[in-house]
Amino acid sequence: WRDGFRHLNYMLLLSPTWLFIAPAVLMFVMGFAVLALLVAAGDSEVVWLGNLRFGDHWAVAASAALIMSVQTALMGVYASLYGYREGFRQPTGWAKTFLRRSRLQYWLGTGLLLTLAGFAWAFWIVAGWVASEYGALDSMRPLIAAATLIVIGSQIFFSGFLMSIISGNRSRHAIGL
């Protein structure tokens, strides 16, 4: 039992795709589907999907899943890049293409764009709330989605710097690929 667990642990540590990327994709798909469904439903109190009911509390759970998925996927990218740099792993064709195109300014621009979009969306919601003379705030789901964009954008923005550090303080992230 102990040797089997050590072997599984070792295999997962050498495979960032299965350790990080696969769970991140699953969390992202579930979180995005639930949050998009709730935001699209507008003012309806509960959204039904088959026999399942989704309300505002699910928007918070979906937001957390989205944030965790992006963070987990980014950890997978860091681990892969480190493994390539140290020679533990050979990059796949997809990884080579991704890293050849990856630049610090792309990560910064994407992160900044998502963060600003989240702030603009939140500002629009707050402006509507102020215009209604601080009445009931019926836009919790969109506000949660806007905050999610802000957090994910910030994660991507700062991830660009960490990718550059792992790449040997370079703005281009391909390391001899």
Side-chain angles (χ1 to χ4, degrees), residues 1-40 47 49-104 106-115 117-118 141-167 173-175 177:
W1 170 256
R2 194 171 119 195
D3 286 340
F5 183 73
R6 277 197 319 219
H7 179 72
L8 177 64
N9 192 17
Y10 180 71
M11 296 302 288
L12 286 173
L13 290 175
L14 290 177
S15 179
T17 301
W18 291 106
L19 182 61
F20 297 110
I21 305 297
V25 168
L26 182 65
M27 280 190 291
F28 185 86
V29 168
M30 291 184 342
F32 184 80
V34 170
L35 192 58
L37 181 71
L38 288 169
V39 170
V47 176
L49 185 62
N51 291 334
L52 300 173
R53 293 175 18 161
F54 294 99
D56 290 341
H57 297 93
W58 279 97
V60 174
S63 171
L66 283 170
I67 292 167
M68 287 187 325
S69 73
V70 170
Q71 190 166 9
T72 304
L74 290 171
M75 282 189 260
V77 172
Y78 308 148
S80 294
L81 184 60
Y82 180 76
Y84 303 149
R85 180 175 176 172
E86 296 299 316
F88 302 147
R89 301 176 40 118
Q90 293 297 314
T92 62
W94 181 88
K96 286 180 183 178
T97 302
F98 174 77
L99 291 173
R100 281 188 183 128
R101 294 181 179 169
S102 180
R103 310 261 192 291
L104 173 60
Y106 298 162
W107 288 81
L108 298 180
T110 302
L112 191 60
L113 183 67
L114 290 173
T115 302
R141 294 173 190 169
L143 193 56
I144 291 168
T148 303
L149 270 180
I150 293 167
V151 172
I152 289 173
S154 298
Q155 286 177 328
I156 291 171
F157 182 89
F158 290 108
S159 290
F161 287 112
L162 185 54
M163 293 268 297
S164 291
I165 291 168
I166 295 171
S167 298
H173 301 141
I175 306 167
L177 303 176

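Quick note: residue numbers are just sequence positions, from 1.
- Put simply, the side chain of H173 does not reach to within 4.5 Å of the side chain of V77, judged on heavy atoms.
- Rounding to the nearest 0.5 angstrom, the gap separating the OG atom in S159 from the CG atom in L104 is 11.0 Å.
- Partners of Y106 by ring-ring contact (aromatic ring centres under 6.0 Å, His included), not counting sequence neighbours: none found.
- Surrounding CZ of F98 are more than 12 heavy atoms belonging to other residues, nucleotides or ligands, all under 6.0 Å away.
- Nearest heavy-atom pair across G160 and W107 is CA-CB, 3.5 Å.
- Taking CD1 from I156 and CG from L113, the interatomic distance works out to 10.0 Å, rounded to the nearest 0.5 Å.
- Between R141 and the choices L35, V60, V47, the side-chain contact (heavy atoms from CB on, under 4.5 Å) rule is met once, by V47.
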Sequence neighbours left out, cut at 3.5 Å: what donor-acceptor pairs do the side chains of residues 15-24 make with other protein atoms?
none

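- The two atoms that bring G153 and T115 nearest to each other are C-OG1, 3.1 Å, heavy atoms only.
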Can you give each donor-acceptor pair under 3.5 Å made by side-chain atoms of residues 88-95, sequence neighbours left out, with the distance rounded to 0.1 Å?
residue: R89; atom: NH1; partner: L14; partner atom: O; Å: 3.0
residue: T92; atom: OG1; partner: A95; partner atom: N; Å: 3.2

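- For I67, the side chain to side chain contact (heavy atoms under 4.5 Å, CB included) partners are S63, T148, V151, I152, Q155, not counting sequence neighbours.
- Every residue two or more places apart in sequence or in another chain that forms a side chain to side chain contact (heavy atoms under 4.5 Å, CB included) with L26 is listed here: M30.
- Here the straight-line distance linking atom CG of L114 with atom CZ of F157 works out to 12.0 Å at 0.5 Å rounding.
- Between G31 and A62 the shortest heavy-atom distance is O-CB, 3.4 Å.
- Interatomic distance, L74 CG to L81 CG, rounded to the nearest 0.5 Å: 12.0 Å.
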Report the C-alpha distance between M163 and L99 in whole Å, list the side-chain angles of each, state the deciding distance to 0.1 Å, and finish with yes or no for side chain to side chain contact (heavy atoms under 4.5 Å, CB included). CA-CA 10 Å; M163 293 268 297; L99 291 173; 4.2 Å; yes
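- Counting heavy-atom neighbours within 6.0 Å of F32 CZ, excluding the residue itself, gives a total of 12 or less.
- Residues passing the ring-ring contact (aromatic ring centres under 6.0 Å, His included) test with F54, sequence neighbours excluded: W58.
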